[in-house]
Structure formats: C-alpha cells, structure tokens
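In what follows, chains carry the letters A, B, and so on, assigned in the order in which the sequence lines appear, proteins first and then strands, with residues in each chain numbered from 1. Treat the numbers as computed from the prediction; the structure is a model and nothing was measured.
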There are 2 protein chains.
Amino acid sequence: MEPHEPDLAAVPVTAVLAALADDVRLQIVRALAEGGEHACGTFEFGVSKATRSHHLKVLREAGLTRTRAAGTSRYVRLRRDELDRLYPGLLDAVLTPRPPA
Amino acid sequence: MEPHEPDLAAVPVTAVLAALADDVRLQIVRALAEGGEHACGTFEFGVSKATRSHHLKVLREAGLTRTRAAGTSRYVRLRRDELDRLYPGLLDAVLTPRPPA
DNA sequence: GAGGATGTTCGACGATTGTCGAACAAGGGT
DNA sequence: ACCCTTGTTCGACAATCGTCGAACATCCTC
C-alpha cells in the first residue's frame with residue numbers, strides 16, 4: 001500500500017488549509033516543526049491511536065508530511081521546504097504560538 | 001443586532017484556517033483582497049444568497065472581515081492590516097493564484 | 001403606504017468530519 | 001512458535017457543515 005503522498009502543488013489550497021484547521025493536527029504539525037522525524041506513537045494529544053492515525057493520514061494526503069516505515073514504527077516528518085516554497089509564510093504564520101505585538 | 005466582529009487575537013487559529021478552507025469563501029477573500037469595500041451582492045459565485053450570507057457570516061465571525069451597513073446594502077472589507085500583523089504571510093500565501101516557481 | 005431591492009434567519013436536507021473500539025497486519029524479542 | 005508493540009483499517013456514531021427555498025426584516029423610491 002503506497003503512502004499516498006501527493007505532489008504538493010496538486011493539492012488544492014483549501015485542502016491544505018483544511019488539514020491545518022484542526023487542533024489535534026495543528027499540535028502534530030507544531031511538534032513536527034521542531035525538526036527531524038517523529039514516530040507516530042510520540043504524539044500524545046488525548047486521542048485514541050485510531051484517531052491519531054486518521055489525522056496523520058489527513059496530513060499526509062494534504063501533502064504536508066512524509067512517512068517512512070521502519071520496523072513496526074513509522075516515522076513522520078514535515079515537508080517544510082516544499083511548503084515554504086509553495087506557501088511562503090504559511091507555516092510561520094500558523095505555527096507561532098501567539099504574536100505578542 | 002451587532003455585527004459580531006470579534007477581536008482577531010481572540011479567534012483560535014484553527015477557526016481562521018477553517019474560515020479560509022472553503023472554495024467559495026476563498027473566492028470572496030480573493031475579491032476582497034483587491035481592496036476597498038464590496039457590496040455583498042457583488043459576490044456571484046454560483047451559490048444562493050442564503051449561502052452567500054452564511055459564508056460572509058463565517059468570515060466575519062472568524063475575524064477576517066468587517067461589515068458596514070448602508071441603506072439596504074452591506075459593505076464588506078478585509079481586515080488585512082490586522083491579519084498581516086497577527087499572521088504575517090498568511091494572506092499572501094493563500095491568495096496568490098499559483099506560485100509558478 | 002405599496003412595491004421592489006438587498007440581506008438575514010429559519011428549518012431542512014445530504015455530505016463530510018472527528019471520534020471511538022475492535023479487528024487486523026506486520027515486526028521484533030524472547 | 002508465541003506474544004507484545006506499533007499502526008492501519010473498518011464500521012458506527014454524533015456533530016458539524018454547505019446548501020437550498022421560503023419567510024422575514026429593512027431601507028429606498030414612487
């Protein structure tokens with residue numbers, strides 16, 4: 001079963017925004033924005049693993065993440081360079097906790 | 001009945017993104033980004049006026065627009081300065097038709 | 001005041017979404 | 001071989017969402 005990771009340019013903007021427009025997924029993206037790879041199981045945001053798997057699928061199919069399988073684990077990472085190139089400023093605007101100014 | 005235009009900083013990021021994550025609303029925002037005020041009726045995007053009214057309400061309550069009543073018409077404008085200050089890069093990232101590079 | 005234009009609100013509807021537990025699949029360790 | 005760990009998939013469910021027509025409210029102009 002292929003990971004189904006689309007070309008980011010082929011994903012409608014609304015789909016990218018919709019993927020970001022969820023609290024759990026935004027927490028995942030924030031964690032991923034720290035850099036590097038994260039195992040799926042490291043995301044503990046008060047949802048079941050079925051729900052977590054669902055959210056990761058949404059992010060992947062929106063072109064926001066890439067997933068690599070290794071053993072029983074799966075490692076997820078943010079497609080930050082592509083996102084910054086296609087939507088400059090989007091991630092920064094969305095990821096900052098709260099602009100104080 | 002007050003227009004119900006919240007302080008943008010009080011609106012959850014996910015609500016802002018959700019407001020943007022719809023095709024009709026994105027078209028409205030693109031039109032508004034041209035600048036100035038637009039009467040509600042000028043948005044002709046293939047939906048009924050009930051639906052259009054609904055979308056404008058979503059945008060307004062997400063803190064994206066301001067509405068001014070004048071006669072039987074209502075004039076809408078984008079809260080661009082506030083958006084750019086709180087979410088720098090968001091609008092630009094989302095509004096550009098398609099980054100060619 | 002009657003009539004028309006511009007919007008909003010009110011159900012109603014079908015579709016999508018977020019959530020879960022349970023079942024399933026695949027690897028690793030003992 | 002067995003079991004445990006890690007994730008995915010499969011219904012199912014309640015909630016939300018986008019859409020519409022119809023009714024309503026407001027204002028403007030005869």
Side-chain angles (χ1 to χ4, degrees), chain A residues 1-6 11-32 36-77, chain B residues 1-6 11-32 36-77:
Chain A
M1 196 207 61
E2 288 69 45
H4 202 192
E5 292 172 354
V11 178
V13 195
T14 47
V16 175
L17 292 171
L20 257 11
D22 177 277
D23 229 327
V24 175
R25 288 195 293 267
L26 206 48
Q27 290 183 69
I28 294 178
V29 171
R30 286 209 183 97
L32 289 174
E37 290 181 323
H38 290 58
C40 297
T42 64
F43 303 116
E44 275 301 335
F45 299 126
V47 294
S48 74
K49 59 179 182 173
T51 302
R52 184 204 332 150
S53 194
H54 161 69
H55 285 309
L56 288 169
K57 183 180 182 182
V58 172
L59 289 173
R60 181 178 2 107
E61 294 184 346
L64 297 177
T65 60
R66 289 204 189 276
T67 303
R68 177 181 64 92
T72 86
S73 292
R74 271 172 144 72
Y75 292 93
V76 187
R77 68 180 186 281
Chain B
M1 196 209 65
E2 288 69 45
H4 203 189
E5 293 171 353
V11 178
V13 194
T14 48
V16 175
L17 292 170
L20 257 11
D22 178 276
D23 230 327
V24 175
R25 287 195 292 267
L26 207 46
Q27 290 182 70
I28 294 176
V29 171
R30 284 208 184 97
L32 289 175
E37 290 181 323
H38 289 59
C40 297
T42 63
F43 303 117
E44 274 301 335
F45 299 125
V47 294
S48 72
K49 59 178 182 172
T51 302
R52 184 204 330 147
S53 194
H54 161 70
H55 285 310
L56 288 170
K57 183 180 181 182
V58 172
L59 290 173
R60 180 175 5 104
E61 295 185 345
L64 296 177
T65 60
R66 290 203 188 276
T67 303
R68 177 180 64 94
T72 87
S73 291
R74 271 171 144 72
Y75 292 94
V76 187
R77 67 181 187 281

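Here the C1' atom of nucleotide D/dT9 and the CZ atom of A/R60 are 12 Å apart, to the nearest Å. Taking atom CG of A/D22 as the reference point, atom P of D/dT16 lies 14 Å away to the nearest angstrom. The CD-P distance, from B/E61 to D/dG18, rounds to 13 Å in whole Å. Residue A/Y75 contributes atom OH, which lies 12 Å from atom C1' of D/dT5 at whole-angstrom precision. In this structure, the CG atom of A/L56 is 12 Å from the P atom of D/dT9, given to the nearest Å. If you take CZ of A/F45 and P of C/dT19, they are 12 Å apart, rounded to a whole angstrom. Taking atom CG on B/L26 and atom P on D/dG18, their separation rounds to 13 Å, with Å as the unit. Between the C1' atom of C/dG27 and the CZ atom of A/R68 lies a distance of 15 Å, rounded to the nearest Å.
For B/K49, whose side chain is taken as the heavy atoms from C-beta onward, the closest listed nucleotide among C/dT9, D/dG7, C/dT8 is C/dT8. Of the listed nucleotides (D/dG21, C/dG21, D/dT8), D/dG21 has the atom at the smallest distance from the side chain of B/S48. Side chain of B/V24, nearest nucleotide from D/dG7, D/dT8, D/dT19: D/dT19. Closest to the side chain of B/T72, from the set C/dA5, C/dT8, C/dG18, is C/dA5. In this structure, the nucleotide among C/dG7, C/dT9, C/dG18 sitting nearest to the side chain of A/H55 is C/dG18. Candidate nucleotides C/dG7, C/dA22, D/dT19 were compared by shortest atom distance to the side chain of B/S53, and C/dG7 ranks first. Each of D/dT19, D/dT6, C/dT8 was ranked by its minimum atom distance to the side chain of A/S73; first place goes to D/dT6.
Comparing A/A70 and A/R25 by the nucleotide of DNA chain C whose heavy atom lies nearest to each, the residue mapping closer to the 5' end is A/R25. Sequence order on DNA chain C of the closest nucleotides to A/G71 and A/A18 puts A/A18 first from the 5' end.
Across all strands, B/V58 comes closer than 4.0 Å to no nucleic acid atom at all (heavy-atom distances). Across all strands, A/A69 comes closer than 4.0 Å to no nucleic acid atom at all (heavy-atom distances).
Nearest heavy atom pair, residue B/V11 against residue B/A62, reads CG1-O, 3.6 Å. Closest heavy-atom contact between A/E61 and A/P6: O-CG, 3.3 Å. Here the closest heavy-atom approach between residue B/F43 and residue B/A31 is recorded as CE2-CB, 4.0 Å.
Between B/H54 and D/dC20 there is no side-chain N or O to OP1 or OP2 distance below 4.0 Å. Neither OP1 nor OP2 of D/dC27 sits under 4.0 Å from any side-chain N or O of B/R74. For C/dT6, the OP1/OP2 oxygens have no side-chain nitrogen or oxygen of B/R52 closer than 4.0 Å. Listed pair B/T51 / D/dT19 fails the phosphate criterion, with no side-chain N or O lying under 4.0 Å from OP1 or OP2.
Summarising the geometry, atom CG belonging to B/L32 is positioned 7.5 Å from atom CG belonging to B/L59; distances are rounded to the nearest 0.5 Å. Rounding to the nearest 0.5 Å gives a distance of 9.0 Å between OG1 of B/T65 and CD1 of B/I28.
Among B/R60, B/R25, B/Q27, the single residue meeting the side chain to side chain donor-acceptor pair (under 3.5 Å) criterion with B/H55 is B/R25.
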